[in-house]
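The structure appears right after this line, and notes come after that.
Just so it is clear, the values below take in all heavy atoms, side chains as well, and ignore hydrogens, waters and symmetry mates. Note that the coordinates shown come from a computational prediction; the quantities given were computed from them, not determined experimentally.
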Amino acid sequence: MSTDEQLKEIVRKKYSEIALQDKETNLSSCCGAGGCSSEVYNIMSEDYSTLKGYNTDADLGLGCGLPTQFAKIKKGDVVIDLGSGAGNDCFIARAETGETGKVIGIDFTPAMITKARVNAEKLGFHNVEFRQGDIENMPVTSNIADVVVSNCVLNLVPNKYNVLKEIYRVLKTGGHFSISDIVLEGELPTALKQAAEMYAGCVSGAVQKNVYLELIEATGFKNITIQKEKSIVVPDDILINYINQEELNTFRNSNMGIYSITVYAEKLPAEKEACCAPGCCN
């Protein structure tokens with residue numbers, strides 16, 4: 001498998017290509033929102049169009065959930081969106097936090113940052129800001145956010161624990177996150193694990209569901225809740241590009257599962273964390 005930096009470059013290159021497509025091309029492409037199944041980037045996305053704050057230009061048909069729908073954002077909140085893309089979740093978060101709040105989108109793809117800033121300018125939003133940076137080392141100060149959201153991004157990051165530690169750092173005490181991501185139950189075929197396109201498409205970079213939740217707990221978060229879960233079916237015409245027919249049949253007949261989950265967790269005050277330490281709540 002590639003090194004961490006090589007994996008990040010794979011992701012940066014692919015999502016730069018997506019960002020640079022014009023709207024019409026993106027809507028009709030396999031990497032955009034058109035529904036073609038010859039690539040994996042858009043098969044997990046959900047419909048944002050009914051949510052307040054939705055903006056067509058910011059919707060690239062990516063993601064695997066609707067984290068902002070479950071994020072419990074209040075008026076005046078400071079919200080950080082990890083892997084903000086063209087600004088879709090940021091603008092929906094802005095509709096919730098209002099003019100008195102602030103939304104910060106972080107993305108490490110320059111083309112996405114440019115696209116998002118253009119969209120924000122067209123909408124006249126002066127409390128929505130986009131910063132280029134790596135979410136393993138966020139360009140924001142500590143204890144600044146009330147809410148962190150992210151849509152199908154942590155599975156693109158080689159070191160997920162580093163990102164979770166950064167989320168913990170930037171959240172205020174009493175803050176929380178709502179994150180949609182891809183997780184696994186069972187092992188992917190080796191050829192799928194090694195395919196760069198499947199990594200950039202959010203599949204081969206996913207970890208086991210129990211490991212994902214354990215990482216969140218190990219970071220110090222409390223009240224961890226799965227807000228939504230759905231099974232993801234990768235079409236055969238995608239899988240056959242990476243595995244042969246026999247491997248495909250074995251995969252389909254196995255108990256292996258690919259899931260989109262939306263997870264909620266809180267950063268509690270120190271005294272509440274101490275109260276719930278092992279043996280303290282008995």
Side-chain angles (χ1 to χ4, degrees), residues 12 14-29 31-34 41-42 44-135 138-141 144-153 156 167 170-171 175-180 262:
R12 185 181 287 109
K14 174 48 66 177
Y15 287 89
S16 293
E17 292 172 2
I18 294 172
L20 292 173
Q21 293 173 347
D22 60 41
K23 183 181 176 184
E24 290 72 21
T25 302
N26 186 56
L27 287 173
S28 63
S29 76
C31 297
Y41 309 99
N42 67 322
M44 308 169 191
S45 60
E46 294 201 22
D47 183 12
Y48 269 85
S49 61
T50 61
L51 299 184
K52 186 179 179 182
Y54 173 78
N55 179 265
T56 304
D57 292 337
D59 185 4
L60 301 181
L62 306 172
C64 60
L66 299 171
T68 39
Q69 185 179 40
F70 297 95
K72 304 180 182 180
I73 298 168
K74 303 187 300 296
K75 294 295 181 186
D77 276 351
V78 175
V79 182
I80 296 177
D81 177 25
L82 308 183
S84 49
N88 199 19
D89 280 290
C90 287
F91 301 138
I92 291 168
R94 198 269 184 189
E96 298 294 326
T97 193
E99 294 183 2
T100 60
K102 183 177 179 65
V103 182
I104 301 170
I106 300 173
D107 203 289
F108 80 157
T109 306
M112 285 291 189
I113 291 293
T114 299
K115 196 177 189 78
R117 287 173 176 168
V118 169
N119 288 334
E121 186 66 26
K122 286 191 294 186
L123 292 167
F125 289 162
H126 302 296
N127 61 337
V128 180
E129 177 185 352
F130 295 96
R131 302 181 185 179
Q132 185 179 342
D134 191 327
I135 61 173
M138 296 184 208
V140 295
T141 57
I144 191 174
D146 298 287
V147 182
V148 171
V149 296
S150 185
N151 193 351
C152 213
V153 172
L156 298 173
I167 294 172
V170 302
L171 275 172
H176 63 269
F177 72 70
S178 183
I179 291 175
S180 295
T262 300

Practice task
Please step through side chain to side chain contact (heavy atoms under 4.5 Å, CB included) for the pair Asn119 and Lys122, ending with a clear verdict.
Solution key: CA-CA 5 Å; Asn119 288 334; Lys122 286 191 294 186; 3.6 Å; yes
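- Here the shortest heavy-atom pairing between Lys75 and Ala95 reads NZ-O, 3.5 Å.
- Among all heavy-atom pairs drawn from Leu82 and Val153, the shortest one is O-CG2, 3.5 Å.
- Evaluation of the salt bridge (charged side-chain N to carboxylate O under 4.0 Å, His left out) test over residues 97-110, restricted to residues two or more places apart or in two chains, returns Lys102-Glu129.
- Residues meeting the salt bridge (Lys or Arg N to Asp or Glu O under 4.0 Å) test with Arg117, sequence neighbours left out: none.
- How far CG of Leu123 is from CG of Asn55: 4.5 Å, rounded to the nearest 0.5 Å.
- In terms of heavy-atom proximity, Pro139 sits nearest to Arg131 at O-NH1, 2.7 Å.
- Contacts of Asp81 classified as side chain to side chain donor-acceptor pair (under 3.5 Å), with partners at least two apart in sequence or in another chain: none.
- Interatomic distance, Cys90 SG to Ile80 CD1, rounded to the nearest 0.5 Å: 10.0 Å.
- Here Ala71 pairs with Ile73, Val147, Val149, Ser178 under the side chain to side chain contact (heavy atoms under 4.5 Å, CB included) rule; sequence neighbours left out.
- Annotation: ring-ring contact (aromatic ring centres under 6.0 Å, His included) contacts of Phe70 (sequence neighbours excluded): none.
- Smallest separation of non-hydrogen atoms from Pro67 and Asp89: CG-OD1, 4.0 Å.
- In this structure, Ser150 has no side chain to side chain donor-acceptor pair (under 3.5 Å) partners at least two apart in sequence or on a different chain.
- Here the closest heavy-atom approach between residue Phe130 and residue Ser84 is recorded as CD2-OG, 3.7 Å.
- Atom-to-atom distance recorded for Ile92:CD1 and Thr97:OG1 is 14.0 Å, nearest 0.5 angstrom.
- For Lys72, there are no salt bridge (Lys or Arg N to Asp or Glu O under 4.0 Å) partners at least two apart in sequence or on another chain.
- Residues passing the side chain to side chain contact (heavy atoms under 4.5 Å, CB included) test with Lys74, sequence neighbours excluded: Asp77.
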Practice task
Show the numbers, then the answer: is there a side chain to side chain contact (heavy atoms under 4.5 Å, CB included) between Asn88 and Asn151?
Solution key: CA-CA 10 Å; Asn88 199 19; Asn151 193 351; over 6 Å; no
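- Scanning for side chain to side chain donor-acceptor pair (under 3.5 Å) contacts around Thr262 gives Ser180, with sequence neighbours left out.
- Nearest heavy-atom pair across Ile113 and Gln132 is CD1-N, 3.8 Å.
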